Asks: 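Here's a structure for you.
For the numbers below, each heavy atom of this structure counts, side chains included, while hydrogens, waters and symmetry mates do not. Naming: A, B, ... by sequence-line order, numbering from 1 per chain. What you are looking at is a predicted structure, and each value in this text was computed from that prediction instead of being measured.
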Amino acid sequence: GQQLNQSPQSMFIQEGEDVSMNCTSSSIFNTWLWYKQDPGEGPVLLIALYKAGELTSNGRLTAQFGITRKDSFLNISASIPSDVGIYFCAGLGNTGKLIFGQGTTLQVKP
Amino acid sequence: DAGVIQSPRHEVTEMGQEVTLRCKPISGHDYLFWYRQTMMRGLELLIYFNNNVPIDDSGMPEDRFSAKMPNASFSTLKIQPSEPRDSAVYFCASSYGRVWQETQYFGPGTRLLVL
């Protein structure tokens, strides 16, 4: 079945640094979604991507839908302590089923 | 609006017992989703409803799991009988409009521990 490989698994960075994470798959996806989950809470949608090559920003966050439709990345610029959390990618393919990556745990040192 | 409401927030039960998780979606939302999150398997979509009708239940792990949505403001996820491997955080989410194009709002989750 379809699977997503999300990397890195975890990151520990200094406040102010930029962050990059990505998801790849051997399958084609029609929609890519990026979520953030704070401890003890449900995921919150950050960015949604619907077209290959699409580049979308939401404040300090930027995400791109890979041109091959098999990958997506999320960048966070000038990280701040409240960026701490787990970031998930999710892809929707031809099966109509939403598949989630394993998550990237981000820790930011003030 | 209070957001998506889930109950209970925590549930500890013994293997073999029936477990019922409840969800109240945001008023006016026409889609409702049930997810499960574990360390091993990550976040998985179990089932989703549109206008109270189940649309895709392919993520439901087995016959021990069942979900219902008797009206627009209430849904249940039932596990009978429960097993230790069902221990997880179960999230309910709701949205309005196009199913994957609109933001899903997640509830706080129910943390289930089956002993």
Asks: At a heavy-atom separation under 4.5 Å, does R111(B) approach chain A through its side chain, its backbone, both, or neither?
Replies: side chain
Asks: Could you tell me whether the side chain of F106(B) reaches within less than 4.5 Å of the side chain of E41(A), counting heavy atoms only?
Replies: no
Asks: Sort by residue number and list every residue of residues 29-39 of chain B having at least one heavy atom under 4.5 Å from chain A.
Replies: Y35(B), Q37(B), M39(B)
Asks: Between L49(A) and L61(A), is there shared hydrophobic-cluster membership here, with clusters defined by ILVMFWY side-chain heavy atoms closer than 4.5 Å?
Replies: yes
Asks: Using non-hydrogen atoms and a 4.5 Å limit, figure out which bit of L33(A) sits close to chain B: side chain, backbone, both or neither.
Replies: side chain
Asks: Measuring from atom CD of Q37(A) to atom CG of L43(B), what distance do you get when rounded to the nearest 0.5 angstrom?
Replies: 7.0 Å
Asks: More than 12 heavy atoms of other residues, nucleotides or ligands under 6.0 Å from CD of E14(B): is that the case?
Replies: no
Asks: Any chance CD of Q9(A) has more than 12 other-residue heavy atoms, nucleotides or ligands included, within less than 6.0 Å?
Replies: no
Asks: Linking I/L/V/M/F/W/Y whenever any side-chain heavy atoms sit under 4.5 Å apart, do L45(B) and F88(A) land together?
Replies: yes
Asks: Looking at R60(A), I'd like to know if its CZ atom is crowded, meaning that more than 12 non-hydrogen atoms belonging to other residues, nucleotides or ligands lie closer than 6.0 Å.
Replies: yes
Asks: Show the nearest heavy-atom pair for residues F91(B) and G42(A), with the distance to one decimal.
Replies: CE2-CA, 3.3 Å
Asks: When clusters are formed by joining ILVMFWY residues with side-chain heavy atoms under 4.5 Å apart, either directly or through shared neighbours, do F49(B) and Y105(B) land in the same one?
Replies: no
Asks: Is atom OH of Y96(B) surrounded by more than 12 heavy atoms (other residues, nucleotides or ligands) closer than 6.0 Å?
Replies: no
Asks: Above 12 or not: heavy atoms from other molecules or residues under 6.0 Å from CG of D63(B)?
Replies: no
